[in-house]
Amino acid sequence: MNRKIKNVFPGGNTSEGFYSFYEEVLSKLDRLFILKGGPGTGKSSLIKKVAKHFLERGQSITFLHCSSDTESVDGVIINELSLGVVDGTAPHVVDPTLPGIKDEIINLGEFWDRNLLLEDKEEITRLKQNIKTYFSTAYKELKYATIAQNKMKKIYVPHIDNAKVEEIKDKLISMTLKDKESSKKKGRLSQSFAGAITPRGIVSFAGELTDNLSTRVLLLGKPGTNKSTIMESLADKATSLGYDVEAYHCALNPHKLDLVIIPQKQIAFVDASPPHKFVSKSSNDILVDMFALTVPKEIAQQNQKQILNLQRQVDKHILKATSNIKNAKENHAKMENFYIKAMDFDKMQEVFERIIHGETN
C-alpha cells in the first residue's frame, strides 16, 4: 500500500438512508474547492487528476471514496496543504461555510450545452427516477437487515455477563492508555466510514488503514455483544487524555463503531466479525471473542439454529440492497452518457489550473 495515500468513505448507504460525515471530514481544511454539476461532468476525473499532481510532488493525500460507485471518488484532501476538492452534489451536498475565504464553488454546469441535454430530457428524467427508486428500495432492505439483527440480539443480549464486559473493557483501556495522565487539552476525534455497502457488496479499507500499526485488537462476536460500546469507551478515554482518535462507523448502523485507531499509540480496535471483511494476517493481532466470553454457552447452543437463520436473513437483505445499489449505478452510468456528450471538457484544464494554484474567481 502507498503510505502517501489514505482511503476512507465520508458517506455511506446505511439502514438510515445515505449517512454523511462530509461536514466532519472537511471542517478543518483551510481551503476547499466545491465542484457542482450533473453526472458525467468530469468531477471524479478532475479530482483524480488533482490528486495525481500533488502525489507526484511528494504530498500525502486522503481519497474520499464514493459508496455508490467504487470506481469513482467524491473528493481528495491534500493533507500537508490543508486543501480539499470535493463533489458537492447530492446526496452528499456540500455548501460553503466561508465563501471566498475558505470555500470556492466551481460550477461545471457552465461547460455543458443545455440544448443537447434538452433533447434527452425525458430519458434523463426517467433514469433519475429509476435511481431514486432503486436507492429507496436498497435503504428499505438495509432497514430490514437491522430488524433481523435486532431479533437476533434479543435471543442472547439479556443473558450477557455485563460484569465480564466491564472487565474486558477495563483491561483494554489499561493495556492501551495506562501510561498517560489526564490532559488539559482534549484530543481530536475524527469520524468517517472505513467500509461501505456498495454495488460490489461490502467494501472496506479497515485492513490497509491498520496494517502498519504495531498492535491490532480484533473484537469478534455477534451484533449486540458490546464491541462498539467498548470502542466508544476507548475513544472517549483516549481523547480525554489528549490523544487524537480516528473513529470509523458501521456501514449498516452508522451509530455504531467498527474501527477505532489511536495513531500516537500505534493501536487499532477492529470489529472483525462478519459481515466485516477483515482478515487477520499478523501474529501480533490480539483476538477477543466477545460472544464466547460474555454469552453463556448453553444460550448459544440452545439457540444456535435460530441465530443462524436470522443471520441468513441479515445477509439476504444486505445482498438485495447491494443489487439495488448496483442497478442504481447502471442507470447513473446511462445518465452520465447524456451529460458527457453535452460537455466541453477542454474547459476542465482551466479549472484544474485554478485548483492547483489555489486561485479564486
Side-chain angles (χ1 to χ4, degrees), residues 7 9-13 17-18 20 22 33-53 63-76 84-95 105-141 196-203 319-356:
N7 297 293
F9 291 99
N13 302 305
F18 184 82
S20 175
Y22 275 83
F33 289 93
I34 303 169
L35 307 179
K36 299 285 187 177
T41 52
K43 298 186 294 294
S44 181
S45 296
L46 176 61
I47 290 166
K48 289 176 182 177
K49 186 174 180 180
V50 170
K52 182 174 182 289
H53 170 85
F63 270 126
L64 311 180
H65 286 263
C66 176
S67 58
S68 300
D69 182 356
T70 52
E71 298 169 9
S72 178
V73 291
D74 284 338
V76 67
V85 186
V86 65
D87 177 349
T89 57
H92 38 79
V93 176
V94 177
D95 288 318
I105 289 180
I106 298 177
N107 180 17
L108 302 183
E110 295 176 1
F111 309 142
W112 62 41
D113 185 333
R114 182 170 180 267
N115 290 326
L116 287 177
L117 292 174
L118 287 172
E119 291 176 6
D120 299 301
K121 178 183 175 181
E122 289 186 10
E123 182 61 9
I124 292 172
T125 302
R126 185 186 70 82
L127 290 168
K128 190 174 180 65
Q129 183 57 48
N130 285 352
I131 294 167
K132 183 179 179 180
T133 301
Y134 282 127
F135 273 115
S136 177
T137 304
Y139 297 146
K140 286 178 183 177
E141 291 294 339
I197 299 169
T198 80
R200 289 171 44 207
I202 296 174
V203 173
L319 189 62
K320 286 184 177 180
T322 297
S323 178
N324 277 277
I325 295 169
K326 183 179 179 182
N327 288 339
K329 178 183 180 293
E330 290 171 354
N331 277 258
H332 191 272
K334 291 176 183 177
M335 189 164 63
E336 281 182 331
N337 289 331
F338 294 112
Y339 283 85
I340 289 170
K341 73 178 184 181
M343 280 291 289
D344 180 358
F345 286 106
D346 291 338
K347 299 285 187 181
M348 296 297 279
Q349 183 61 29
E350 297 174 17
V351 176
F352 171 73
E353 295 291 337
R354 277 177 57 191
I355 291 172
I356 64 170

Handout entry: Straight-line distance of I47 CD1 to F63 CZ, nearest 0.5 Å
Key = 9.0 Å
Fill in the blank from the handout: Heavy atoms of C66 and F9 approach each other most closely as O-CE2, 3.8 Å
Practice task
Let me see the working for N13 and Y139 under side-chain contact (heavy atoms from CB on, under 4.5 Å), right down to the final yes or no.
Solution key: CA-CA 7 Å; N13 302 305; Y139 297 146; 2.9 Å; yes
Exercise for the section: Kindly write out the residues that satisfy salt bridge (charged side-chain N to carboxylate O under 4.0 Å, His left out) with K320, not counting sequence neighbours, or none if the list is empty. Expected result: none
Practice task
First locate atom CG of D69, then atom CZ of R200, and finally report the distance between them rounded to the nearest 0.5 Å.
Solution key: 10.0 Å
Practice task
Inspect the surroundings of NZ in K128 and state if more than 12 heavy atoms from other residues, nucleotides or ligands are less than 6.0 Å away.
Solution key: no
Exercise for the section: May I ask you to test the K36-T41 pair for a side-chain heavy-atom distance under 4.5 Å? Expected result: no
Practice task
Please report the closest heavy-atom contact between S72 and K48, naming both atoms and the distance.
Solution key: CA-NZ, 4.5 Å
Exercise for the section: Please tell me if the side chains of I106 and L46 come closer than 4.5 Å, counting only heavy atoms from C-beta onward. Expected result: no
Exercise for the section: Grab the two heavy atoms, one from A51 and one from V76, that are nearest each other, plus how far apart they are. Expected result: CB-CG2, 3.8 Å
Exercise for the section: Starting from the C-alpha separation in whole Å, work towards a yes-or-no answer on side-chain contact (heavy atoms from CB on, under 4.5 Å) for I131 and M335. Expected result: CA-CA 10 Å; I131 294 167; M335 189 164 63; 3.7 Å; yes
Handout entry: Straight-line distance of I197 CD1 to S68 OG, nearest 0.5 Å
Key = 11.0 Å
Problem - salt bridge (Lys or Arg N to Asp or Glu O under 4.0 Å): pairs with one or both residues in residues 330-348, sequence neighbours excluded - result: D120-K341
Exercise for the section: Check whether any side-chain heavy atom of T133 lies under 4.5 Å from a side-chain heavy atom of N130, and answer yes or no. Expected result: no
Handout entry: OH on Y339 to CG on L116, rounded to 0.5 Å
Key = 12.0 Å
Practice task
Show your reasoning for whether side-chain contact (heavy atoms from CB on, under 4.5 Å) applies to E71 and K329.
Solution key: CA-CA 11 Å; E71 298 169 9; K329 178 183 180 293; 4.2 Å; yes
Exercise for the section: Quick one: list whatever passes ring-ring contact (aromatic ring centres under 6.0 Å, His included) with F111, sequence neighbours left out. Expected result: none
Handout entry: Heavy-atom closest pair, residues S67 and G12
Key = OG-CA, 3.6 Å
Handout entry: Smallest separation among heavy atoms of Y134 and N331, with atom names
Key = CE1-ND2, 3.5 Å
Problem - Donor + acceptor pair across side chains of H92, D74 (<3.5 Å) - result: yes
Problem - Donor-acceptor under 3.5 Å (K43 side chain, V86 main chain) - result: no
Practice task
Answer yes or no: is there a side-chain heavy-atom contact under 4.5 Å between S45 and K49?
Solution key: no
Handout entry: Minimum heavy-atom distance Y22-P10, with the two atoms named
Key = CZ-CG, 3.3 Å
Exercise for the section: Would you mind reporting whether I34 and D95 have side-chain heavy atoms less than 4.5 Å apart? Expected result: no
Exercise for the section: Compare all side-chain heavy atoms of F33 with those of V351 and state whether any distance is below 4.5 angstrom. Expected result: no
Handout entry: Verdict with reasoning, I325 to T322, per side-chain contact (heavy atoms from CB on, under 4.5 Å)
Key = CA-CA 5 Å; I325 295 169; T322 297; 5.6 Å; no
